[in-house]
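Report on the structure given below.
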Amino acid sequence: MKTFFSIEQFQSRLKAKGLKATPQRISVHQAMLELGHASADSVCQWIAGHSEARITVASVYNILTQLTLLGFYRHRLSSNNKMYFDINTSPHIHLYDSVNGEYRDIMDDDLQSIAEAHLKKRRFRGYKVDYIDIQLVCHPTRKSKKLGSL
């Protein structure tokens with residue numbers, strides 16, 4: 001089940017956290033709703049083409065990071081060391097296209113459950129597992145050039 005917030009829910013949650021629903025925060029969330037997985041650069045590009053809000057990449061990154069710390073998004077570091085943010089905070093698996101630098105959600109509850117059941121039995125001395133994050137790194141085959149065509 002995908003978990004993310006509509007604009008109205010987003011505004012209510014911001015208020016509950018004591019934050020204002022600024023045009024910049026709203027624009028960032030609108031971009032995330034559209035993009036799903038995005039870097040600060042791609043969010044900034046989306047905003048430039050779809051919103052009247054003006055915002056720098058640094059400000060977008062700060063907003064994304066703040067909202068991630070508040071649980072609105074999750075973040076992940078790609079294999080090319082670029083930070084991506086994910087609007088879907090529910091447990092799910094990712095395919096990462098290492099050629100095109102794109103993520104795709106794989107909603108496979110059975111596989112997620114098997115991995116969680118197996119790993120919950122394990123003990124890692126000195127560590128407590130917060131959550132399980134499975135990422136499959138892949139590349140396009142000759143047939144498909146991008147993850148969107150899988």
(message) Could you go through His94 and Asp105, starting from their C-alpha distance and side-chain angles, then the distance that decides it, and tell me whether this counts as side-chain hydrogen bond (donor to acceptor under 3.5 Å, both in side chains)?
(response) CA-CA 5 Å; His94 285 100; Asp105 288 343; 3.2 Å; yes

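- No more than 12 heavy-atom neighbours from other residues, nucleotides or ligands sit within 6.0 angstrom of OH on Tyr127.
- Residues Met107 and Ser90 have side chains in contact (heavy-atom distance under 4.5 Å, counting atoms from C-beta outward).
- A salt bridge (charged side-chain N to carboxylate O under 4.0 Å, His left out) check over residues 60-79, counting only residues at least two apart or in different chains, returns the pairs Arg76-Asp133.
- The backbone N or O of Lys20 lies less than 3.5 Å from a partner atom in the side chain of Arg25, making a donor-acceptor pair.
- Checked against side-chain hydrogen bond (donor to acceptor under 3.5 Å, both in side chains), Ser98 has no partners two or more places apart in sequence or in another chain.
- Considering only residues two or more places apart in sequence or on other chains, Ser51 meets the side-chain hydrogen bond (donor to acceptor under 3.5 Å, both in side chains) condition with Ser27.
- Under the side-chain contact (heavy atoms from CB on, under 4.5 Å) criterion, Leu69 pairs with Thr65, sequence neighbours left out.
- Following chains of ILVMFWY side-chain contacts shorter than 4.5 Å, one can reach Leu70 starting from Val60, so the two form part of one hydrophobic cluster.
- The NE2 atom of His37 sits 12.5 Å away from the OG atom of Ser78 when rounded to the nearest 0.5 Å.
- Considering Ile26, Val28, Leu33 in turn, Ile26 is the only one that fulfils the side-chain contact (heavy atoms from CB on, under 4.5 Å) rule with Phe10.
- For the pair Val129 and Leu119, the minimum side-chain heavy-atom distance is 4.5 Å or more.
- Looking at heavy atoms from C-beta onward, Ile63 lies in side-chain contact with Ile55 at the 4.5 angstrom threshold.
- Taking the six-membered ring where the residue is Trp, Phe85 and Tyr61 present perpendicular rings, their angle passing 60° and hence far from 30°.
- In terms of the side-chain contact (heavy atoms from CB on, under 4.5 Å) criterion, Lys128 has no residue partners (sequence neighbours excluded).
- Residues Pro91 and Tyr131 fail the side-chain proximity criterion, which asks for heavy atoms closer than 4.5 Å.
- A 4.5 Å side-chain heavy-atom check between Asp97 and Pro140 finds at least one atom pair inside the cut-off.
- Between Tyr73 and His29, the distance separating the two ring centers is shorter than 6.0 angstrom.
- When every heavy atom of Thr89 is checked against every heavy atom of Gly71, the shortest pair comes out as CG2-O, 3.8 Å.
- A search for ring-ring contact (aromatic ring centres under 6.0 Å, His included) contacts involving His50 returns Trp46, not counting sequence neighbours.
- Minimum heavy-atom separation, Ile134 to Ala115: CD1-CB, 3.6 Å.
- Side-chain heavy atoms closer than 4.5 Å link hydrophobic residues (I, L, V, M, F, W, Y) into clusters, and following such links, possibly through other members, connects Ile132 to Leu136.
- When the side-chain hydrogen bond (donor to acceptor under 3.5 Å, both in side chains) test is applied to Thr56, the partners found at least two apart in sequence or on another chain are Ser59.
- Val57 and Leu35 end up in different hydrophobic clusters when Ile, Leu, Val, Met, Phe, Trp and Tyr side chains are linked at under 4.5 Å.
- Contacts classified as salt bridge (charged side-chain N to carboxylate O under 4.0 Å, His left out) and involving residues 33-48 (residues at least two apart or in different chains) are given here: Asp41-Lys82.
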Contacts table for residues 12-19: side-chain donor-acceptor under 3.5 angstrom, sequence neighbours left out:
residue : atom : partner : partner atom : Å
Ser12   : OG   : Glu8    : O            : 3.2

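- Atom-to-atom distance recorded for Gln135:CD and Leu95:CG is 9.0 Å, nearest 0.5 angstrom.
- Legend: residues meeting side-chain hydrogen bond (donor to acceptor under 3.5 Å, both in side chains) with Arg54, ordered by chain and number and at least two apart, are absent.
- Every residue two or more places apart in sequence or in another chain that forms a ring-ring contact (aromatic ring centres under 6.0 Å, His included) with Tyr84 is listed here: Tyr103.
- Judged as a side chain to side chain donor-acceptor pair (under 3.5 Å), the pairs with a partner in residues 115-126 (not counting sequence neighbours) are, in order, Gln112-Glu116.
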